[in-house]
Amino acid sequence: MFSPKVFSAAFFALAGALLSAAEIADLSAEARDGQVFLQWQEKELPQDARLTVWSSAAPITSLKASGVRCEADLLNPGSARDWWQDINSFYSKEAQNRKSKKGGKAKKFLKEEDIFAGNVATENTAQKEIPGFIIKEDGKPLDPKSGLHVHTPAEAGSRYFAVSWKKGLDGEVQQFITVKSPVKFQQGKVTPFACAGKPLRKGCATGKPLILSVHGRGGGAGVDGKGNPVGNYLMFMNKDQAWREGIPMKFTVNNRSSHVELSLNDRIWIGRILPKEERTDSRDNVYAIATFWMAYNTNIARHVGAPDLKADNYTERWVIYLVRWAQEYLGTDPDRTYVVGGSMGGTAAIQFATHYPEVFAAVHAMVPVYAFSWKCTPGDQDTAHRLFCSCGKFTQNDPVRMPDGQDVTEYGDGSKNINRPAVDMPMIFACNGRTDKSIPWVNNPDFYRAANEARQGFCVYWNNGDHKMSNKRPKDMIPELKELFRYRKHAPYVVFSNCSTNRNYGNGDPKDGDQEGWINRGMKWDNVKESANSIEFTVSADYPGISYPVTADVTLRGRQQFRPAPGTSLTACINGQKSPVTVDANGLLTIPGVSFADGEAVKVVVKK
C-alpha cells in the first residue's frame with residue numbers, strides 16, 4: 001500500500017544523496033620508519049573544503065568523544081598531490097609583471113634579488129601534469145586526487161585514526177571515516193628519504209664537511225626554469241617543524257668529492273593565497289610562501305592579522321634537524337658544518353650562526369640583513385617589514401612574539417646576538433653595498449661594531465654598490481671553500497679586532513664613512529699548536545695595496561686544552577719579545593696591539 005510519508009522520506013533521502021556527492025572513503029594507515037602514513041580517497045570535495053586528522057586510544061564513533069584528539073587540521077583536498085612539482089605553488093603572475101615593464105619602481109628591486117634565487121620558474125615555464133607524492137624509496141606516485149597525511153607519534157603506542165572534512169576553515173563536519181583496527185607504532189621520528197634518483201647509503205659521507213646552501217628571496221621552488229622537478233630528498237615534518245604536522249619538505253643532497261651540500265628550500269605550504277591586506281610582497285601571492293628563514297605566524301593557514309600575533313621558530317628547527325640527520329645518517333663531520341647564502345640566504349647564514357654557534361663553524365653571507373629593525377634612511381624601507389608576510393603586519397608597539405614572549409625582531413637582531421664575548425661564534429665572511437635598496441645600509445654598522453667589540457671572527461668588505469655588489473669584490477675578499485673548512489668546532493682558531501687597516505663604516509648613513517672599505521682584510525692565522533700549558537700560532541697581514549706597519553688585537557678562540565681561568569696572568573712571546581697578558585672576565589685570551597712590519601708571519605707563543 002502506497003504511503004506518502006514513506007515515499008517522501010525515501011525521495012528526499014535519494015535527493016540528498018545525489019546533491020551530496022562529495023565524500024571521503026577507504027581510509028588506511030601504515031606505520032613504518034617512525035611515522036604513520038594515512039591515505040584515503042576523495043570524491044568531488046569542494047575547493048574550500050578542509051580536512052582534519054583525528055586519533056584516539058579507543059574506536060572513534062564520535063569526534064566529540066572523550067579521548068579523541070586532533071592531530072592535524074586544515075588539510076587541503078588532494079593532499080596527496082605533489083605541490084612541489086607545480087610551478088603555481090611558487091610562481092606569481094603579479095610578481096612577474098612587476099619584474100617586467102609593468103613593474104615600475106619595483107622592477108629593479110625584484111630583479112636584483114633574483115640573482116640569489118637560483119633557477120626559478122617564470123611565466124614561460126611549461127606547465128606539466130602534477131603527480132602524487134612518492135612516500136617511500138622506489139615507490140610509485142600516489143593518486144594526486146587522493147588524500148595523504150603523515151603523522152609523527154610523540155611516543156610509542158597504539159591508536160585508532162579518523163579523517164573528517166568540513167566546508168571552509170570552521171564549518172560543520174560533513175563526514176568522517178575511520179580505520180577498522182588500531183595502528184601500532186614506535187616513538188616517532190621524521191625520516192628523510194630519497195624521492196628521486198639513487199638513495200645515498202648510510203655513512204657514505206663519513207668525515208666530510210657539510211655545507212648548507214640557502215637561497216635568496218624568490219627561490220626555493222620545487223621546479224626549475226624548464227618545469228622539471230627539483231629536489232631528491234623528501235621528509236614529512238612533525239608538529240615542531242611546521243604550523244601543522246605532515247607538511248612535506250623537499251631538499252637536494254649532493255655528495256661531492258670534498259663535501260656534502262644540502263640545498264634547502266625556504267617554502268612552507270599554507271593552503272591558501274594571502275589576501276592583499278596580509279602581504280607586502282607580490283611574490284607571496286602563492287600557496288607556498290617564504291619565511292625569510294625565520295619564525296612565522298602559528299596561525300598562518302587562517303590569517304596573519306592582529307590582534308595577538310604569535311610566531312614560532314619552525315624554520316630553524318627543521319634546518320637544524322636536517323643538519324643532525326646529515327651527521328647521523330650520512331656521517332658528515334659534526335665539527336665542520338657551514339652555511340653559504342646571499343640576500344635572504346645571507347640573512348639566514350647570520351641568523352643560523354648567531355643562534356646556533358654550537359652547530360656551525362663558519363658562514364659566508366653575501367649582502368645579508370643583520371637585523372630586522374625599524375631603522376631606515378630616507379628613501380629606504382626598514383627591514384622589519386620583511387617578516388610581514390610570514391608573521392603578520394606587526395608594529396613596533398604591537399610586535400609579533402615568540403612562545404617565550406620575545407619580540408621576533410629582537411630574536412633576529414644580529415648585533416645583539418653576536419655581542420656575546422664568552423661565546424665562540426662561527427667565523428663570518430660577509431659583504432655589503434652602501435646603495436643596496438633591498439638590504440639597507442643603516443643596520444650594518446651596529447653589527448660591524450658589535451662583532452669587533454665582542455672579538456668575534458668577522459671579515460667584511462663593502463663598496464658603494466647595490467644588491468649585486470658581491471660580484472665586484474676583490475678576489476682576496478671572496479672566501480674559497482678551503483678557507484671556510486679551516487674553521488671547525490672544538491678546535492682553536494684566531495680572530496682579529498681593532499685592526500689598524502680597518503676602514504670607516506660610518507654611522508649608518510650611506511654617505512657617511514668610506515665608500516669602499518673592509519674589516520680584517522688580509523688577516524691570516526696558521527700553525528696552531530696547543531697543550532695544557534701553552535699555545536702557539538702564527539699570524540700575518542697582507543693584501544694588495546696594504547701599507548705597513550699594521551697592528552691588530554689577536555684573540556685565541558675555541559681553545560680546548562690551554563684554558564687558564566679568568567684573571568690568570570700569562571706571558572706572550574711575540575717573535576721572541578715577551579709581553580704580559582691576562583685572561584679577561586669572559587675567559588678570552590687576547591694579545592693587544594700585535595705589530596706587523598711586513599707580510600711575513602709573526603710567531604706567537606703564550607705560556608702559563
Could you grab the distance from atom CG of Asn452 to atom CG of Asn502, nearest 0.5 Å is fine? 6.5 Å

Between Tyr338 and Tyr487, ring centroids under 6.0 Å: no

Would you sort out whether Leu589 and Phe562 count as a side-chain contact (heavy atoms from CB on, under 4.5 Å), showing the intermediate values? CA-CA 10 Å; Leu589 173 53; Phe562 187 62; 3.7 Å; yes

Arg267 side chain to Ala288 backbone, donor-acceptor under 3.5 Å: yes

Tell me whether the guanidinium CZ or amine NZ of Arg486 lies under 6.0 angstrom from the six-membered ring centre of Trp525 and within 45° of its axis. yes

What are the two closest heavy atoms between Pro368 and Thr347, and how far apart are they? CB-N, 3.6 Å

Taking atom types as modelled, is there a side-chain donor on Gln351 or Tyr356 under 3.5 Å from an acceptor on the other? no

Look at the side chain of Arg434 and the backbone N and O of Asp514, then say whether any donor-acceptor pair between them is shorter than 3.5 Å. yes

Is a salt bridge present between Arg217 and Asp284, judged by a nitrogen-to-oxygen distance below 4.0 Å? yes

Drop me the distance from Glu261's CD to Leu212's CG, to the nearest 0.5 angstrom. 9.5 Å

With a 3.5 Å distance limit and no angle check, can you tell me whether Tyr411 reaches the backbone of His355 through a side-chain donor-acceptor pair? no

Applying side-chain contact (heavy atoms from CB on, under 4.5 Å), run through Asn498 and Thr551 and close with a yes or a no. CA-CA 8 Å; Asn498 300 322; Thr551 60; over 6 Å; no

Any chance you could lay out the side-chain contact (heavy atoms from CB on, under 4.5 Å) test for Val604 and Val554, step after step, and finish with the verdict? CA-CA 10 Å; Val604 180; Val554 177; 5.9 Å; no

Quick one: do Asn527 and Lys603 satisfy side chain to side chain donor-acceptor pair (under 3.5 Å)? Show the steps, please. CA-CA 9 Å; Asn527 304 313; Lys603 184 175 181 178; over 6 Å; no

Calculate, to the nearest 0.5 Å, the distance between atoms CG and CG belonging to Leu210 and Asp335 respectively. 12.5 Å

Between Arg420 and Asn417 (side chain of the first, backbone of the second, donor and acceptor by atom type, cut-off under 3.5 Å), is there such a pair? yes

Are the side chains of Arg256 and Ile211 in contact, using a 4.5 Å heavy-atom criterion? no

Between Lys511 and Asp509, does at least one N-O distance fall below 4.0 Å, as a salt bridge requires? no

Counting only heavy atoms not in Glu600, do more than 12 fall under 6.0 Å of its CD? no

With heavy-atom distances below 4.5 Å as the criterion, would you say the side chains of Ser438 and Val367 are in contact? no

To the nearest 0.5 Å, what is the distance between CD on Gln406 and CG on Asp413? 9.5 Å

Is the centre of the Trp325 ring less than 6.0 Å from the centre of the Tyr233 ring? yes

Do the side chain of Asp407 and the main chain of Thr409 share a donor and acceptor less than 3.5 angstrom apart? yes

Salt bridge check, Asp424 against Arg559: does any charged N sit closer than 4.0 Å to a carboxylate O? no

Between Tyr448 and Tyr370, how do the two ring planes meet: parallel, tilted or perpendicular, split at 30° and 60°? perpendicular

Residue pair Phe537 / Leu556: nearest heavy atoms and the distance that separates them: CE2-CD2, 3.4 Å

Could I get the full list of ring pair (Phe, Tyr, Trp, His ring centres under 6.0 Å) partners for Phe360, not counting sequence neighbours? none

If we ignore hydrogens and angles and just use 3.5 Å, is the side chain of Arg336 paired with the main-chain N or O of Leu484 as donor and acceptor? no

Do Thr291 and Asp266 pass the side chain to side chain donor-acceptor pair (under 3.5 Å) test, and can you show the C-alpha distance, the side-chain angles, and the key distance before you say yes or no? CA-CA 6 Å; Thr291 72; Asp266 180 29; 2.7 Å; yes

Hey, does Cys459 have a side-chain heavy atom less than 4.5 Å from the side chain of Met477? yes

Thinking salt bridges, do Arg521 and Asp476 make one under a 4.0 Å N-O criterion? yes

Parallel, tilted or perpendicular, as decided by the 30° and 60° cut-offs, for the rings of Trp374 and Phe388: tilted

Could you tell me if the side chain of Phe447 sits less than 4.5 Å from the side chain of Val460, heavy atoms only? no

Is any side-chain heavy atom of Val214 less than 4.5 Å from a side-chain heavy atom of Phe352? yes

Verdict with supporting geometry, Asn397 and Thr395, side chain to side chain donor-acceptor pair (under 3.5 Å): CA-CA 5 Å; Asn397 295 326; Thr395 66; 5.5 Å; no

Under a 3.5 Å threshold, yes or no: a donor from one side chain and an acceptor from the other, between Thr337 and Arg324? no

Report the relative orientation of the aromatic rings in Trp293 and His215; use parallel for angles under 30°, tilted for 30 to 60°, perpendicular for over 60°. tilted

Do Lys208 side-chain atoms and Gly331 backbone N/O form a donor-acceptor pair below 3.5 Å? no

Return yes if some donor-acceptor pair links the side-chain N/O of Arg557 with the main-chain N/O of Val423 below 3.5 Å, else return no. yes

How close do Val606 and Ala572 get, counting heavy atoms only, and between which atoms? CG2-CB, 4.1 Å

Residues Cys391 and Ala295: closest non-hydrogen pair is SG-O, 3.4 Å

Just how far is it from atom CD1 of Ile320 to atom OG1 of Thr315, taken to the nearest 0.5 Å? 11.5 Å

If you look at every heavy atom in Arg473 and Cys431, which pair is closest and at what distance? CD-CB, 3.6 Å

CE-CZ distance between Met294 and Arg386, expressed to the nearest 0.5 angstrom: 13.0 Å

Does a side-chain heavy-atom distance below 4.5 Å link Pro421 with Asn419? yes

Does any N or O in the side chain of Asn586 come within less than 3.5 Å of the main-chain N or O of Leu588, such that one atom is a donor and the other an acceptor? no

Does any part of the side chain of Cys376, heavy atoms only, come nearer than 4.5 Å to the side chain of Pro440, both counted from C-beta? no

Shortest non-hydrogen pair, Ser540 vs Ala601, comes out as CB-CA, 4.1 Å

Should Val369 and Asn443 be marked as a side-chain contact (heavy atoms from CB on, under 4.5 Å) after you check the CA-CA gap, both sets of side-chain angles, and the distance that decides it? CA-CA 8 Å; Val369 170; Asn443 289 304; 5.5 Å; no

Given 3.5 Å as the limit, does a donor-acceptor pair link the side chain of Asp436 with the main chain of Ile439, or not? yes

Does a donor on one side chain sit under 3.5 Å from an acceptor on the other, for Thr538 and Asp526? no

Atom CZ of residue position Arg563 - does it have more than 12 heavy atoms of other residues, nucleotides or ligands inside 6.0 Å? no

Below 30° counts as parallel, above 60° as perpendicular, anything between as tilted: where do the rings of Tyr505 and Trp462 land? perpendicular

Can you name the residues that form a side-chain hydrogen bond (donor to acceptor under 3.5 Å, both in side chains) with Arg455, not counting sequence neighbours? Ser497, Asp553

Of Asp446, Asp380, Thr383, the residue whose pairing with Lys375 passes side chain to side chain donor-acceptor pair (under 3.5 Å): Asp446

